[in-house]
Each structure stands twice: as C-alpha cells, then as structure tokens.
Amino acid sequence: MADKRPRQGGPRQGASEQRIGIFHRLQAWLANHQLVAVETLIKLLQKPTATILTWLVVAIALTLPGALWMTVDNVQQLGGQLQQSGRLSVYLQPGSDLNEGRQLAQQVGSWPQVASSDYISAEQALAEFQASTGLGGALELLPENPLPAVILVEPPLGVAPAQLQALRLKLEQQPLVDEVQLDMRWVQRLLALLQLGERLIWVLGCLLALAIVLVVGNTVRLSIAAREDEIRVIKLVGGTNAYVRRPFLYLGVWIGLVGGLMCWLLLVLCWWLLSGPVAELSQLYGSAFELQPLSAGAALILLAAAVLMAWLGAWWSVSRHLHHIEPQA
Amino acid sequence: MSAQDPMVRFERVSKRYPGGRDALSGINFELGRGEFAFLTGHSGAGKSTLLKLMMLMDRPTRGRVMVDGEDLSQLRPSQVPYLRRKVGVVFQNHQLLFDRTVYDNVALPLQIAGFSPAQAARRVRAALDSVGLLGKEGRTPIELSGGEQQRVGIARAVVNKPPLLLADEPTGNLDPELSAEIMNLFVRFQQVGVTVLIATHDIALIERMGHRRLILDHGQLVAGGSAVEDDIYGG
Ligand SMILES: Nc1ncnc2c1ncn2[C@@H]1O[C@H](COP(=O)(O)OP(=O)(O)OP(=O)(O)O)[C@@H](O)[C@H]1O
Ligand SMILES: [Mg+2]
C-alpha cells in the first residue's frame, strides 16, 4: 500500500468541497431524522418483552383517564336527554273553582314557552293517588280531599334552565296558583356529579401523565447506560448535543405513540364490552340511549398527550444523564 | 483563525489532576500549519494529557491552549463539537463501535457533520482505500486484526479532512512492518497539508523518520518546544 497516493485532501485543498449547501444540509438532516427514527424502532422491537411491557404501562396509564372521560361524555349526553323531559307541576289554591282552573290551563297552554298543559282536578288527583298507592282507606277518613288541583305544564323540548325558571316565575304570579314545583334538583345533582367527574379526569390525568414521564425517563436512562460507549465516540468525533439526544428522544416518541395507540385499542375494548349491557339497561328504561365511544377529538388529545409526556420524560432523562458522558482516551 | 495563526499553540499550560502532582507544567510550544511532529517521553510524562487538552477532553489548570487560532477556554459548550470536527484523533484503544460495520464506523463523522449518504459514500471509500481496507467495509471491527482496527480508527480520523491530526500510540502493539506502514500513512496526510502530532514510545522509528520531536519529562517540555518560549517569554 506504500505506493498508493493518499486520496485525502488537506484543509486547503478540500476547502470548496468542505462547504455543503443549505439544501443538502436540510436533506441530510431530514435523512438523519428518518434513519434515527427507524433505527430506534428496530432497536425497540429487538427487545420485544421489555418493549411491550413499557408500551402496556403507558397504555394502561392512559386508559384510566380515557375511560373516565368516555363515561363522563356519555353521562353528559344522557343528562341532556333527560333534561328535555323536565316539567312543572302547578298547584292551584285549595278549593279553587273547577272551571277557572280549566280556563287557566287552556290559557297557559297557549303561551309560546309552553308545549302542552294538562288540568287535573282535585278529585282526579285523589283517585289517581288512591289507585297508585292503595292508601285510599286512610284518605277517606279525612273530612275533605286534602289534594289540590294541579296543572301539569310541559315546556318545549330542549328549553334552557333559565327559561324554565322564567316560566316558573310567570306561573307563580297567576292569581289561582298556590305553588309551582320545578323538578330540577336531580338535574343539578347530575351536573354537580359531572363536574366532579371532570375534575377527577384532570387529577387522575395529571398523576398518570407524571407516571408516563417517570416510566419513559427510566427506560431512556437504561438505554443511555447501555449506549455509553457509543455516546463517547460520537462526542469524540464532533457529535452535537442535539445529535446525541436525537435517538433517545425518538425512543420516547415511539413509546408514547405506540402506548397511545394501544390505549385506543383498550378503550375500544372497554366500549365494546360495556355497550351491550348498557343497551339492555336503557331498553328496560324505555330509552334509546346507546353508549358512545370516545370522540375522535378526545382520542387525538389522548394520543398527543401520550407522545408529549413520553417525549418530556425522554428529554428530562437525557438532559440529566447525557452531559456526564464525555469522551475518554 | 487567519492562515498566519499556528495550528496549535500552548502558552504556559499546566494541568494538575485532582489530588495529584502536575501532569503538565508550564508547557510552551507552537505547531505550524502542515507541520509533522512527534511527542515522546517516559510513561506518565504527560503525552496523553497534552493531546487531550487539544480536544477539550480535559481543560488546563493554568495557561492557554489555542487550536486553529481559537482560544479553547473561550469556547462555549455548544462550540466544542465543531472544534472536535477539526481535529482527527487516533487512540491506541481505537474507540470503534463494535456493533457497527467498518463502513458505518468510518462514515460516522460525516453523518454527524451532515453529509448525505451519497456524499459520504465517496469519502468513506477514499478513506478506507488510503488505509488499505477497501475490501472490508462490510465487516465489524471484531472480525479484524489489531492493526486493521487501528487503520479503521485512522480512516475515521481523516475522513472528514480535518486540518489537525492527533495520534496517541498509534503503533503500540503493532509489528515493526505495520508500524512503519502506518507512519508512512501519517506522512502522506502531512504531504497534503494536514498538521500531524503523534505521541509514541517508538524511539527507533522516530529516529529513522527524523521529524521534529517534542520531549516531555515529568510534565515538562525538555526539548522541541523552544519557539514560543524564546519569542514570547524571552526564554
Ligand atoms: N484521569 C486522571 N486522573 C488522575 N491522574 C491522571 C489522570 N490521567 C493521567 N493522570 C496522571 O498524569 C500523569 C500523566 O499521564 P499521561 O496519561 O498523560 O501520561 P503518558 O505520557 O500518556 O503516559 P503513557 O506513555 O504511559 O501513556 C501521570 O502521572 C498519570 O498518573
Ligand atoms: Mg498515554
């Protein structure tokens, strides 16, 4: 080999070749990202057991808040349906005239904010009460009918709670009216429960996001330890911090991405397991309610959160451990 | 960074490792662009330490190290990789990646510097050709002899055409014939403009080749470094 001419140019000789155009740089940078992404995935798949376990941990950590989210979404929807059937019971003053009562019922029925109104006389009310409770005998002992006449007022579908309150005030101002009952309390309780559920999603979500950061951080720490020699050599030949970090950040992204997709699968499985029983239940209640899967928007948010948290975990781990690893002679 | 600046310049450089005596003390010397020099001295004299300072693998306790006109103590951490790209290094323990092929090992500095695979391919083949390993790109370093591994390390050190080439005992453990071959290789790099500094114990070889010699003794430069001392500090 002594007669071979060196092909290596010196610094001056190679100066023009040394400069690389910005376009080529960008191209090479993209090519490097692509290469690192693929290489990192291949390395992950070469250790299937550890990798699948990590993915499952991330998936399960996400499935908990995801399932809660799905539940709250569904209850909200159910609440909306039930709220539409809210109605008002207008109790008339005791001993009020039958005809006046009928007239008021008709008048109220013609208001635009009322869908229908139904007059139930004191006698009818007593009869219904006796029939439904079987307590007729006890009531017969009373000197007179204790029940007032009632007008049942049905607001149109989908009326807002504020409008319902206004209607109630207007009804209370009618001279014949004794009391108006708007049965909204259970709706308010449901809303409070839903708020609690939303809060719970946040708390659980934040805790489990932290868990993802820690799990990925630890996985990346182990990977850094296993590749210490490689990192030293890369730094020795002029690898920037960004270059050294890159494979570990991709490691985090892959864990988050696949973990997030597996979480989707788990949520679909939950939905599929629950939708049968829920449909049966709602049929028994005469409702057409069906359990809905998580919306596409929510599913994307879950996936994005998984990738972001895993990336953060990787970044945290890399910035903690990488600068300790310096080239050695 | 002008062309008049020497490639390497040490100004009263001392290095003390924690808890030890001075590994280097008051080192002054310059290495001109395109110069070829040997660095010798007994074991523990401070040769490796001196080379490490030029790569920022360590920092001097006192004094100033300049490479290519840049004061290394002034470099921000983000600039260190770019200094290392200008300095090719060959260590006795090769520092090769054993899970990658010879080709990938040599291509690493180019990949890091942002060469496209196609651009890199030409240079990697040229570098492997210059060390006589053209047929072995696809092997892993484990499948090579010690001398071949050493030559892979040299190919990797020069593939990015660095203006400065440092070698620490590049011929240790090699037979005389192979040692001579590798030294010839370094001479050919110098002939195309590369500044070369080689730390070695191989006195016989040094004497046969007859280049400038920097001699370290217990951390002091006892020969070959007079230029700076005389010019700047008046002896
Ligand atoms: N990391 C370190 N920590 C403490 N002391 C060190 C370290 N590295 C080197 N030394 C000491 O510094 C002195 C110079 O070491 P250096 O490795 O530079 O010598 P050398 O000339 O390269 O020797 P050799 O020919 O045996 O390789 C020695 O006394 C050594 O013990
Ligand atoms: Mg040494």
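Throughout, protein chains are lettered first and strands after them, A, B, ... in sequence-line order, and every chain is numbered starting at 1. All heavy atoms count here, side chains included; hydrogens, waters and symmetry mates do not. Keep in mind that this is a model prediction, so the values were computed, not measured.
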Run the numbers on E326(A) and R59(B) for salt bridge (Lys or Arg N to Asp or Glu O under 4.0 Å), then give the verdict. CA-CA 13 Å; E326(A) 277 295 315; R59(B) 288 176 184 274; over 6 Å; no

Assess whether a salt bridge exists between K86(B) and E70(B), defined as any Lys/Arg side-chain N lying under 4.0 Å from an Asp/Glu carboxylate O.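 Salt bridge present between K86(B) and E70(B).
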
Lys/Arg-Asp/Glu bridge criterion (N-O < 4.0 Å) met for K52(B), D168(B):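 Salt bridge between K52(B) and D168(B), a charged N being under 4.0 Å from a carboxylate O: no.
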
Give the C-alpha distance, both sets of side-chain angles, the deciding distance and a yes or no for salt bridge (Lys or Arg N to Asp or Glu O under 4.0 Å) between D58(B) and K15(B). CA-CA 9 Å; D58(B) 235 322; K15(B) 172 69 191 178; 3.2 Å; yes

Checking an interface table here. Which of residues 216-235 of chain A come within a heavy-atom distance under 4.5 Å of chain B? D229(A), E230(A), V233(A), I234(A), K235(A)

Can you say whether L35(A) sits under 4.5 Å from chain B via the side chain, the backbone, both, or neither, judging by heavy atoms?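 It is the side chain, since no backbone atom gets that close.
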
Is it true that Y17(B) and T61(B) share a donor-acceptor pair across their side chains at a distance under 3.5 Å? no

Can Y243(A) and Q111(B) be counted as having a side-chain donor-acceptor contact under 3.5 angstrom?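 On atom types as modelled, these side chains qualify, holding a pair under 3.5 Å.
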
